[in-house]
Structure formats: C-alpha cells, structure tokens
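Whatever order the structure lists ligands and atoms in, that order sets their numbers, starting from 1. Quick note: residue numbers are just sequence positions, from 1.
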Amino acid sequence: MMQSRNRNRDHLNLLCDIGELANLIIGSTDIQGFLQQTVEMVAHHLNANVGSIYLYDDTTRDLVLQATVGLNPSAVGQVRMKSGEGLVGKIFESLKPICEGRASSHPNFKYFEEADEDPFESFLAVPIHRGKEKIGVLVVQHEHPDYFDEIDVMAMRAIASQLTGAIENARLMIDQNHKTVPSRGDDLMERLRFIKGKTASGGFAHAPVTVLKADGESLLSHRPDSEFVSAPQDFLKAVESTKQQLTDLQDRLAQRLPESASLIFEAHFMILKDARFVDAMLTKIEQGVSVPEAVRDVAGHYMALFSSAPSAYLKEKAQDIEDLARRLLNNLCKNTSEDTDHTEGRIVIARQLLPSDLLKLASEDIKGIVLVSGGVTSHVAIIARSLKIPMVIAERSDLMELPDGTPMLLDADIGSIHTRPSETIVQRFEIRNQTQKAEDEATRPMPAQTKTRDGESVKLLANINLLSEIKLAKDLNVEGVGLYRTEFPFLVRSNLPSEEEQYLVYKRLCDEMGDREVTIRTLDIGGEKLLPYIEGIKEANPELGLRSIRFSLHHREVFLQQLRAILRAGAGVGAGKLKIVFPMISAIDEFRQARHAIEEAMVDLARKKLPFYPAPALGAMIELPAALDIIHELAKEADFFSIGTNDLIQYMLAVDRTNERVAAYYQPYHPSVLRSLHRIIQAAVKAEIEVTVCGEMGHEPEFIPFFIGVCLRTFSVDPHFLRYVQETIVDLSVSDASAYAKTLLAEPTLEGIQKLLRSQTERHRHVS
Ligand code: PEP
Ligand code: MG
C-alpha cells in the first residue's frame with residue numbers, strides 16, 4: 001500500500017461528527033463551548049496541531065480569534081485583524097480558501113505575537129460565509145511543511161458550509177452578549193433580550209409583537225351566563241352552525257394545504273358527530289344546567305380524558321376539543337362580537353393557540369408566532385410549518401408581559417428570540433433574509449426551452465457533483481445532466497466503492513433524471529486527488545502524473561468495474577439518453593482504448609446475463625492542448641466533445657488552477673485559449689457531433705456571447721447558474737454574438753481582449 005498523505009485523516013467521520021455538532025448548537029446557549037468543540041473536532045480529525053475560528057465583528061470591523069486549540073488560549077479575543085490583513089484576512093476578503101505548505105513565505109503572511117504560531121508551517125483555511133455575507137474563517141495548521149492537500153481543502157469546505165448556520169448564530173449571540181441594548185433600567189427587557197426556544201416552524205421574522213391574553217378565558221368563562229342563549233333548540237342551532245363553520249374552514253384550508261387539511265379538523269368532526277357529546281350537553285341543559293356550563297362540563301370531561309392519555313399525540317387532541325367548545329360557545333353567545341386583537345403584520349405571542357386560531361391569524365398575515373407552552377408536534381406547529389409561518393416554542397411565561405408593539409426578531413430556524421434587537425443584528429438578518437429570498441427565487445422553474453433573441457435553440461444542462469444537487473436542477477426544469485463527476489463517492493471513502501455501490505449511485509442519478517439525458521464522466525482521479533486505498537507512488541508533479549483516463553487505463557479492473565456499474569445503471573434508460581465521457585483525452589489511441597474497455601465491460605455483462613444500456617454515446621473531454629492538432633480526426637472517433645475549460649486553461653497556460661500565487665496567470669481570455677475553443681467547436685460542427693462546454697467559462701457573462709458567436713449550442717453549468725445563463729442567452733442575437741466573437745478572435749493581445757470583454761460586460765450591465 002502506498003503511503004498516502006491523507007492516510008492519517010478521517011474525513012468521513014469528521015463530516016458525520018460535524019453534522020452532529022451543528023445539531024448540538026440548536027439546543028445550547030454555550031457559544032464559546034460550541035466553538036471550542038468545533039475547533040477541537042476539526043483539528044483532531046485532520047490530525048492538525050492547530051484549529052482556530054475567527055469571526056467578524058461588525059462594530060470594530062475586525063476579525064477576532066474566538067476559539068483555538070494549539071495556539072495560546074489567552075490569544076482568544078486578543079488576536080484581531082482587518083479584512084485583507086494577513087492570510088486569514090485575505091481569505092475573508094476574497095472568500096477563497098488558502099492552502100499553503102510554507103505559510104511564512106506567503107506574501108500575505110503576518111505574524112501575531114500573542115498567538116505563538118511560529119512553529120506551524122502548513123496552513124489551510126476556508127471562509128465561512130452565506131452567499132456574499134462574510135461570517136468568519138476556519139483554520140487548521142500543522143508543524144510540518146506541505147502537510148495539507150486538496151482533499152483536506154474539500155473536507156474543510158464541506159465543514160465550513162455545514163456549520164455556517166450554527167456559526168452565524170454563535171456570532172450573533174456573541175454580539176448580543178457584548179452589546180447593551182438600551183433598557184432604561186427595564187428588568188423585563190433585559191431578561192427577555194435573548195431567549196432560546198424550540199423550533200416549531202422555521203423561518204425568520206422581524207416585527208412588533210402582539211400578546212394574545214386569552215389565558216383562562218378560552219372557554220369564555222369571563223362572560224356571565226346571561227350573555228348566552230338558554231333554549232335547547234338554540235343550542236342545537238349553534239351546533240349546526242359550528243359544523244358549518246368548520247366545514248368552511250376546512251374548505252379554505254384545503255386550498256392552501258391540500259395534503260393535510262382533512263386531518264386537521266378530524267377530531268373536531270369526530271366529536272361533533274359523536275351523539276354522546278351533544279346528547280350529554282343537551283341532557284344537562286334539560287336538567288337545568290345553564291347552556292355555557294353544560295358545554296364547559298362536557299368539553300372539560302373529554303379534555304381531561306385526552307389530557308391523561310399516555311401518548312403525546314392524544315394529549316394534544318385535548319386542544320382540539322377546547323377549540324371546538326370555544327367555537328360552540330361563541331356561537332351560543334347572544335352578542336357574538338369576539339374580542340379582536342390587532343395581529344396583522346405582527347409576531348403573535350400566546351400561551352396557547354388552537355388550530356383554528358392559527359388559521360384565522362394566518363389569514364391576517366401574521367409574521368411569526370411565539371408560544372409559551374406546547375409541543376412541536378402539535379397541529380398548530382404542523383399547520384405553521386405548512387403555512388410557512390415561523391414559530392418558536394419557549395417556556396417563558398414572562399414573554400406574556402411584553403408591552404404590545406415591542407420589536408422582536410425571530411430566528412425560528414434555530415429557535416432564537418431577540419427582543420428589542422440591536423440595529424446590527426437586524427441588518428445581519430435582513431441580509432440573510434435577502435440571500436434566502438434570492439436562493440428561493442433561483443429555484444423557480446425556468447422556461448423549458450432556451451432560444452436566442454433570433455430564435456436559435458440552445459441546450460442547457462447541469463453539472464452535478466452530488467446527488468443532492470439533482471433536486472435543484474430538476475426544480476429548474478433542466479434538460480439533462482451534461483456532466484456527472486463520479487469522483488465524490490470514491491474520494492470520501494476509505495476503500496474502493498464496489499461495483500454494486502457505484503451502480504446504486506448511478507442508478508439513482510438515471511432514475512431521478514427520468515427521460516432526460518445524462519452524461520456520466522468516468523473517474524477523473526489522480527494527481528492531488530489520490531485515493532489512499534490504491535497503491536501508487538508519490539509523484540513530484542501530480543497534475544502531470546498518472547491521473548484521470550491514464551489512471552483508469554492503468555487500473556483496468558477499477559475502470560471496468562465503474563463502466564459495468566454505469567452500463568447497468570443505464571438499463572431501461574431511453575435510447576440516446578445515456579452518454580459516457582472520458583476525461584483528459586490526449587490521443588486518438590487513448591480514446592480507442594477507453595472504447596475497448598466499454599466493449600469489454602459489455603461482453604462481461606452479457607456473459608453474466610445482466611441487463612445494461614447497449615449503445616451509450618461515447619465522448620471525449622477536450623481539456624488538453626495535445627488534442628488540438630488532432631481535433632478533426634478525434635471528432636470522427638468520438639460521438640461528442642465536452643470542453644473542460646478549467647483544465648484546458650491550466651494545461652495550455654501552464655498555470656496550476658488551484659494555486660493562489662499564480663491566479664493572475666490563469667487567463668480564460670488568453671488569445672490562445674479563445675482560438676483553441678473556436679477550433680474545437682468548429683471541428684465538432686464540421687463532423688456534425690455535439691459539443692458542450694462544461695468548465696466554469698460556460699457561465700461567465702463575458703464568454704457566453706463568445707460561445708454563442710462561435711456556434712456552441714450546448715452549455716453544462718452548475719445548477720445555480722442555469723437561470724442566469726438562460727437569461728443571458730435569450731438576450732443575445734446570433735449575429736451580434738458572431739460579430740463579437742470575430743473581434744475577440746482577431747485580437748492577439750491580452751490587453752486588447754480585456755478591453756473588448758470589459759466593454760461587452762458594460763453593455764450587458766447597461767441592458768439588464
Ligand atoms: C474542466 O476541466 O473544465 C472540467 C469541467 O472538469 P473538472 O473541473 O472536473 O476538471
Ligand atoms: Mg477537467
């Protein structure tokens with residue numbers, strides 16, 4: 001077995017533990033403890049000497065060390081830096097990770113004396129952010145140089161994204177603890193400044209409060225008997241109108257909650273239809289008990305029965321009976337004008353809410369709910385979730401004492417209640433809310449067809465890395481998957497995934513995509529993405545080493561296993577819908593060897609009598625300059641081309657795509673890159689095979705018109721760029737785009753091309 005640089009790391013367990021940690025915070029207010037546990041866990045799993053978290057403080061505009069293991073503990077709260085300052089500040093500013101084998105020689109390195117960090121040479125840090133909102137930086141360090149690698153970077157990115165919500169919350173609480181809210185000596189406000197409750201329905205609300213003080217009065221016991229009807233026939237009439245009201249409510253609800261409306265009033269109807277319920281009341285009335293008393297007696301009996309039931313579910317049915325009885329009593333009132341609280345646009349605080357109260361409140365467009373008692377499985381919570389009303393349950397009776405109109409901020413996703421929140425907290429939540437809205441907006445389905453302004457059809461496909469991304473792609477109405485990167489199941493494991501395991505993953509992909517096309521790329525592994533469980537030799541230049549298709553052809557059994565898994569997953573997929581693409585093809589011979597492997601896999605499967613996809617289109621990723629001079633011949637061999645601009649730029653310009661130091665040399669606009677792209681697309685058009693761009697250039701605004709102008713008609717991009725790409729394309733005309741492409745192709749200098757690109761971007765901004 002080879003000595004992997006990653007051998008002593010345990011990324012899979014790390015991710016599982018981090019998932020648990022994120023849950024921990026939800027039930028905790030010990031923020032410092034949470035942050036400390038986080039850094040300890042990260043450092044432990046990555047076998048690092050140091051783990052630290054820096055969070056941004058809006059007031060001082062500093063990044064502050066908030067927790068560390070390995071650095072001097074007294075540096076917590078002391079080490080501060082501005083955005084852009086030092087390595088941590090640089091990561092925060094650019095929102096890009098830095099992985100540095102010799103940190104002290106990095107131009108951004110800055111020494112902080114308080115932290116005692118001189119012995120640590122290897123440095124890896126990732127930003128913590130939500131969209132454009134910057135939250136902080138997560139860092140690991142190790143005493144040995146060149147300790148961290150690309151897989152560690154991936155793991156750290158995954159951790160940072162998993163913990164974003166929890167860390168964001170931690171930062172808020174730290175802020176809240178340090179800031180004094182003007183309380184004018186108001187003890188109540190001070191006590192209620194920050195409360196942690198339980199999430200009943202997620203979401204965010206910022207609004208004044210209304211406290212519903214129906215406590216002890218829900219069965220209208222504050223009203224004298226004289227306010228109610230007394231004749232048995234009037235009682236029966238009220239029973240009928242209650243039934244009618246409930247039917248109306250259910251009908252209204254069915255429009256908003258078709259799947260659960262019938263369940264919500266199930267108990268109400270059942271009880272109303274139970275003759276004993278109404279009969280028992282009638283008997284009492286006929287015996288001389290007042291009408292409201294009779295209703296309260298009988299309802300009270302049923303409520304007690306349900307309340308003493310062992311199951312929480314049945315216990316909560318007692319509320320349904322109370323709701324029914326109150327409704328009935330209301331209908332029995334001679335003067336039915338109910339006390340009405342002003343609730344529109346408010347966060348409603350109540351000791352208890354009944355399902356029908358909630359429906360009434362929802363129709364008044366309340367912003368959120370705080371209940372000071374109740375369970376998260378209650379109907380109210382279920383309805384609140386379905387109605388998307390944020391709701392928190394907090395066992396704090398003193399909330400009922402809050403003056404009407406007190407500003408409140410509800411972060412129901414994590415059960416936090418901020419009373420009279422500071423301006424900073426409000427602003428931060430508003431930004432988060434906007435980001436959330438933008439994300440929601442991005443998932444609106446797009447028009448199924450994409451056409452340029454002058455009617456030319458363009459196919460839009462999605463790049464998928466994780467199966468969880470399929471949902472977004474489908475929600476957006478994508479035409480198919482243009483690139484499925486198969487590396488992930490291989491990378492996160494500690495042994496090779498079996499053919500069966502791979503089959504299940506690919507099958508799920510094909511099943512989810514139904515009759516849409518799917519292109520699966522064979523393993524693009526090697527280089528820095530080494531598999532610790534495969535024997536190998538450490539390479540001095542891994543990017544130029546035994547990677548990608550070379551790796552697959554070299555480890556033929558691994559390759560055949562993957563091909564069999566893909567072909568089996570395609571059994572039953574519609575004709576022409578499953579495509580397989582080989583990465584980093586450098587020669588026609590290499591492409592033929594890969595095709596032979598497919599033929600061999602098919603023979604294997606036929607011999608085993610396993611069903612498989614019989615005729616996948618076979619494509620070549622064009623991402624090596626070596627493919628350029630044989631591009632016409634290659635176009636006759638391959639069924640399609642997929643252009644990997646990320647690697648094409650890297651190999652054409654000799655710039656490591658992951659190295660920050662040479663980032664300025666990574667120039668997608670380099671004339672050689674643009675002219676090469678043109679040649680590749682021309683060759684495909686001439687050979688009448690499909691050509692797709694699946695690298696990052698495909699979603700960049702200044703290059704979309706270039707691609708359209710050089711006759712590219714298929715784009716494959718990350719799902720969250722799909723809408724943007726479509727909107728850009730429908731604004732273009734092929735003739736304008738061709739003219740633009742021609743000028744770009746004619747320009748031999750970087751500077752000249754940059755000017756042209758800038759003017760195109762300006763024009764685009766102007767138009768949109
Ligand atoms: C590319 O190189 O452009 C590409 C799409 O593949 P990857 O980014 O996975 O190398
Ligand atoms: Mg590539």
Side-chain angles (χ1 to χ4, degrees), residues 96-97 149-151 153-154 157 460-466 469 473 480-492 509 518-531 542-552 562 579-586 590-591 594 619-628 634 638 640-659 663 666-670 672-674 676-677 680-681 684 690-700 703-704 706-707 712 714-722 725:
K96 288 194 178 134
D149 62 19
E150 199 174 307
I151 302 181
V153 179
M154 281 171 72
R157 274 175 181 259
L460 289 191
L461 303 169
N463 288 348
I464 298 287
N465 304 322
L466 298 174
E469 291 167 301
V481 170
L483 172 68
Y484 174 62
R485 291 179 164 105
T486 51
E487 290 80 76
F488 213 77
F490 284 79
L491 279 174
V492 294
L509 171 71
V518 172
T519 301
I520 299 182
R521 179 172 76 185
T522 62
L523 202 54
D524 190 12
I525 208 81
E528 278 299 281
K529 294 184 279 183
L530 278 178
L531 302 177
E543 289 303 321
L544 307 179
L546 188 74
R547 52 167 309 194
S548 203
I549 191 68
R550 298 174 192 168
F551 175 95
S552 294
Q562 179 175 43
K579 304 179 180 182
I580 298 176
V581 66
F582 304 117
M584 295 196 61
I585 290 295
S586 65
E590 209 171 32
F591 183 81
M621 290 274 302
I622 306 296
E623 45 189 350
L624 296 184
L628 282 165
L634 200 50
F640 66 97
F641 283 163
S642 187
I643 310 178
T645 55
N646 306 341
D647 277 318
L648 186 65
I649 299 165
Q650 151 161 285
Y651 291 116
M652 180 160 269
L653 305 181
V655 184
D656 179 347
R657 66 194 247 196
T658 61
N659 181 345
Y666 190 89
Q667 296 149 336
Y669 49 85
H670 193 292
S672 303
V673 173
L674 297 183
S676 303
L677 291 170
I680 301 164
I681 296 165
E690 186 170 32
V691 53
T692 310
V693 159
C694 60
E696 304 293 301
M697 271 180 94
H699 68 250
E700 285 167 11
F703 297 117
I704 296 172
F706 167 78
F707 283 125
L712 183 86
T714 310
F715 291 73
S716 189
V717 297
D718 284 357
H720 54 272
F721 293 122
L722 280 167
V725 172

Open item on the list: Tell me whether Glu696 reaches ligand 1 (any heavy atom closer than 4.0 angstrom to a ligand atom).
Closed with: no
Open item on the list: Checking the side chain of Arg550 only, and the main-chain atoms of Gly545 only, is there a donor and an acceptor separated by less than 3.5 Å?
Closed with: yes
Task: Numbering as shown, the atoms of ligand 1 that approach Cys694 to under 4.0 Å (heavy-atom distance) - done: 5 (C)
Open item on the list: Can you tell me which N/O/S atom of Glu623 has the shortest distance to the Mg ion (ligand 2)?
Closed with: OE1
Task: Test item: Asn463 side-chain N/O and Cys694 main-chain N/O as donor-acceptor pair under 3.5 Å - done: yes
- [ ] Check Leu509 against Val481 and note the closest heavy-atom contact, atom names and distance.
- [x] CD1-CG2, 4.3 Å
Open item on the list: Side chains of Ser552 and Gln562: any donor to acceptor distance under 3.5 Å?
Closed with: no
Open item on the list: If the cut-off is 4.0 Å to any non-hydrogen atom of Glu623, which atoms of ligand 1 fall inside it?
Closed with: 1 (C), 2 (O)
TODO: Classify the contact between Arg521 and ligand 1 as side chain, backbone, both or neither, using a heavy-atom distance cut-off of under 4.0 Å.
DONE: side chain
Open item on the list: Distance check below 2.8 Å: does Asp647 bring an N, O or S atom to the Mg ion (ligand 2)?
Closed with: yes
Task: Numbered atoms and elements of ligand 1 in range of Asp524, under 4.0 angstrom, heavy atoms - done: 10 (O)
Open item on the list: Taking Asp524's backbone N and O only, do any of them form a donor-acceptor pair with Glu487's side chain (distance below 3.5 Å, no angle check)?
Closed with: yes
TODO: Determine whether the side chain, the backbone, both or neither of Ile643 has a heavy atom under 4.0 Å from any heavy atom of ligand 1.
DONE: neither
TODO: Determine the interplanar angle of the His699 and Phe721 rings, folded into 0 to 90°, and report it as parallel if under 30°, tilted if 30 to 60°, perpendicular if over 60°.
DONE: parallel
